[in-house]
Number of protein chains: 2
Amino acid sequence: MARIQKHVGVELRFERPLVTVDVIIFTVLDEQLHVLLVQRPETRGEPFPGRWALPGGFIDVGQDRDLLQCARRKLKAKTGVSSPYLEQLGSWGSADRDPRGWSATHAYFALAPIGHLELRVESQEDGTFLPTMWAPVDEALGMSLAFDHGEILQAAVERLRGKVEYTSLPAFLLPEPMTLPQLQHVYEVVLGRALDKSAFRRRMLDAGFLEEAGTVSMGGRVAQGFRLRDRREPTVFPRSFKAAE
Amino acid sequence: MARIQKHVGVELRFERPLVTVDVIIFTVLDEQLHVLLVQRPETRGEPFPGRWALPGGFIDVGQDRDLLQCARRKLKAKTGVSSPYLEQLGSWGSADRDPRGWSATHAYFALAPIGHLELRVESQEDGTFLPTMWAPVDEALGMSLAFDHGEILQAAVERLRGKVEYTSLPAFLLPEPMTLPQLQHVYEVVLGRALDKSAFRRRMLDAGFLEEAGTVSMGGRVAQGFRLRDRREPTVFPRSFKAAE
DNA sequence: TCAATAGTGTCTATAAGACAATATACC
DNA sequence: GGTATATTGTCTTATAGACACTATTGA
């Protein structure tokens with residue numbers, strides 16, 4: 001058929017790049033922002049053997065209907081979490097980021113609630129396993145990751161820190177019910193600086209993205225528990241935390 | 001029909017998707033935000049024949065070193081502009097967005113100064129030409145574009161309108177030297193609402209991204225001309241224009 | 001002088017920062 | 001009561017909105 005011939009034509013003119021999806025999964029552990037890393041296999045022919053990398057891999061055109069679904073599949077395979085906050089970060093593609101050829105990756109970033117995580121070792125098709133770990137982001141950034149994953153992680157951290165200044169994103173890093181002191185603590189960990197208690201509470205409550213949900217005791221006075229009204233999208237505040245320089 | 005590759009296992013296991021880059025090029029004409037569209041060829045076998053689409057196409061792994069360079073190449077081919085503001089918008093990939101197979105596109109959006117534009121008709125390899133036009137975005141959004149370009153354009157317009165609330169982006173839509181009344185007018189066109197003159201001027205001047213550059217006469221009092229200090233990145237304002245509902 | 005456009009001054013409103021004060025829990 | 005944590009109150013500050021006012025150019 002002419003149509004099919006023409007399609008073949010397109011494919012002959014343009015060599016197809018490799019296409020992958022990578023996921024940057026953040027959580028807060030031990031007062032620090034952490035990111036999930038997976039060790040590259042030592043198998044012959046695999047690029048960057050033994051190096052740490054972001055979890056991800058090739059799109060399976062038979063299994064993945066779209067990019068987001070592919071990202072969710074990879075996220076679930078690594079953490080067991082099926083519905084955390086997930087947003088597209090961007091794409092990186094070039095002739096030299098993968099020694100196997102011209103490749104493009106679609107990066108997504110995810111925020112996983114602390115304590116809701118059961119790490120799963122990566123199972124390879126050949127029956128081997130790949131080590132997985134939570135690395136503090138500041139360490140991970142100095143680690144010389146596989147591919148251009150250092151650059152991608154850098155962009156993810158900048159995006160997260162940037163958005164934390166004016167959105168409710170950190171709420172996705174906490175299990176429910178959460179308290180305002182807990183939430184403030186997560187903000188402070190991600191931003192790397194202290195925030196004023198009073199201003200923080202006003203801001204969160206005025207934004208209206210929380211609803212009351214029981215009480216939580218943490219050793220002193222019992223705290224009000226809260227739940228997110230919307231688990232899909234963060235709330236945008238009218239101003240940034242740090243107004244001026 | 002898997003293509004024979006010299007590289008190992010990976011490529012035998014995973015069929016490669018089609019990879020393209022599309023560019024959303026905005027400008028302001030006749031008091032309205034416009035976007036550049038290209039008509040799809042009528043050639044047999046081409047998808048969406050005769051429909052309007054965003055300019056773009058396949059990555060040429062021989063010619064394009066990376067995604068950004070590919071976007072710049074396509075931008076220059078259509079408008080002749082070589083260094084406008086260009087940022088990545090996101091990527092769209094799925095099994096059904098292109099009838100030729102699983103495909104992923106990397107979308108970039110560009111802001112081109114009014115008056116610096118010479119439209120070039122798209123020259124095909126077979127010697128034919130493709131019609132090109134500036135369409136008002138509101139019309140383009142109702143047009144049923146090729147592929148998922150309607151959805152991509154929608155995202156681009158939302159991103160632009162969103163960023164215009166708290167960045168100096170509209171300055172990239174004006175040639176230099178520009179005046180504050182001109183800049184305010186572009187803001188108003190993009191946002192679709194009027195802004196207060198006094199507050200606008202304070203905000204722009206306090207942000208410090210403009211430097212004086214001669215004077216410009218527009219029929220009444222002579223206006224101060226300005227130039228951008230940095231043609232690469234917009235300035236982010238500490239607050240949004242519309243603080244509250 | 002008038003029309004048209006550019007630019008300024010001043011008051012108010014909103015929300016953030018600083019920081020002191022009060023409230024509730026458990027021992 | 002004492003300690004630890006949660007919550008509130010009040011004053012100041014930064015910047016946006018409203019809107020009236022002044023300034024400069026050309027016909």
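Per chain, numbering begins at 1; letters A, B, ... match sequence-line order.
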Does any non-hydrogen side-chain atom of A:Thr27 lie less than 4.5 Å from one of A:Leu36? no
Take atom CG of A:Leu195 and atom C1' of C:dA15, then tell me their distance rounded to the nearest Å. 15 Å
Confirm from the modelled atom types if B:Arg203 and D:dA16 form a donor-acceptor pair under 3.5 Å, side chain to base only. no
With nearest nucleotide decided by heavy atoms, which residue, A:Leu205 or B:Ala199, maps closer to the 5′ end of DNA chain D? A:Leu205
Applying ring-ring contact (aromatic ring centres under 6.0 Å, His included) as the test, list every pair that has at least one member in residues 148-168 of chain B; sequence neighbours left out. B:Phe147-B:His149
Nearest-angstrom distance from the residue atom OH of A:Tyr187 to P of C:dG17: 12 Å
Measure from CE on A:Met204 to C1' on D:dT7 and round the result to the nearest Å. 16 Å
Which donor-acceptor pairs under 3.5 Å do the side chains of residues 179-188 of chain B make with protein atoms, sequence neighbours left out?
{"residue": "B:Thr179", "atom": "OG1", "partner": "B:Gln182", "partner atom": "N", "Å": "3.2"}
{"residue": "B:Gln182", "atom": "OE1", "partner": "B:Thr179", "partner atom": "N", "Å": "3.0"}
{"residue": "B:Gln184", "atom": "NE2", "partner": "B:Glu188", "partner atom": "OE2", "Å": "3.3"}
{"residue": "B:Gln184", "atom": "NE2", "partner": "B:Leu195", "partner atom": "O", "Å": "2.9"}
{"residue": "B:His185", "atom": "NE2", "partner": "B:Glu31", "partner atom": "OE1", "Å": "3.0"}
{"residue": "B:Tyr187", "atom": "OH", "partner": "B:Thr167", "partner atom": "O", "Å": "2.7"}
{"residue": "B:Glu188", "atom": "OE2", "partner": "B:Leu195", "partner atom": "N", "Å": "2.9"}

Measure OH/B:Tyr166 against P/C:dA15 and give the value in whole Å, please. 19 Å
Just by protein heavy atoms under 4.0 Å, how would nucleotides 1-7 of chain C read 5' to 3' in B, S and -? ---BBBB
Expressed in angstrom and rounded to an integer, what is the separation of A:Asp206 atom CG from D:dT7 atom P? 15 Å
Got a sec, which residues hit side-chain hydrogen bond (donor to acceptor under 3.5 Å, both in side chains) with B:Asp30, two or more places apart in sequence or on another chain? none
Atom-to-atom span, CG of A:Leu210 to C1' of D:dT7 - whole angstrom: 15 Å
N/O donor to acceptor pairs below 3.5 angstrom from side-chain atoms of residues 208-222 of chain B, sequence neighbours left out:
{"residue": "B:Glu211", "atom": "OE1", "partner": "B:Arg229", "partner atom": "NH1", "Å": "3.2"}
{"residue": "B:Glu211", "atom": "OE2", "partner": "B:Arg227", "partner atom": "NE", "Å": "3.3"}

Side-chain atoms of residues 152-162 of chain A: list all donor-acceptor pairs with protein atoms under 3.5 Å, sequence neighbours left out, distances to 0.1 Å.
{"residue": "A:Gln154", "atom": "NE2", "partner": "A:Glu158", "partner atom": "OE2", "Å": "3.1"}
{"residue": "A:Arg159", "atom": "NE", "partner": "A:Glu87", "partner atom": "OE2", "Å": "2.9"}
{"residue": "A:Arg159", "atom": "NH1", "partner": "A:Leu89", "partner atom": "O", "Å": "3.3"}
{"residue": "A:Arg159", "atom": "NH2", "partner": "A:Glu87", "partner atom": "OE2", "Å": "3.2"}
{"residue": "A:Arg159", "atom": "NH2", "partner": "A:Gln88", "partner atom": "O", "Å": "2.6"}
{"residue": "A:Arg161", "atom": "NE", "partner": "A:Val190", "partner atom": "O", "Å": "2.8"}

Would you classify A:Ser198 as touching base, sugar-phosphate or nothing, given that sugar-phosphate means primed atoms plus P, OP1 and OP2, and contacts are heavy atoms under 4.0 Å? base
Nearest whole angstrom, please: distance from the C1' of D:dT13 to the CZ of A:Arg202. 12 Å
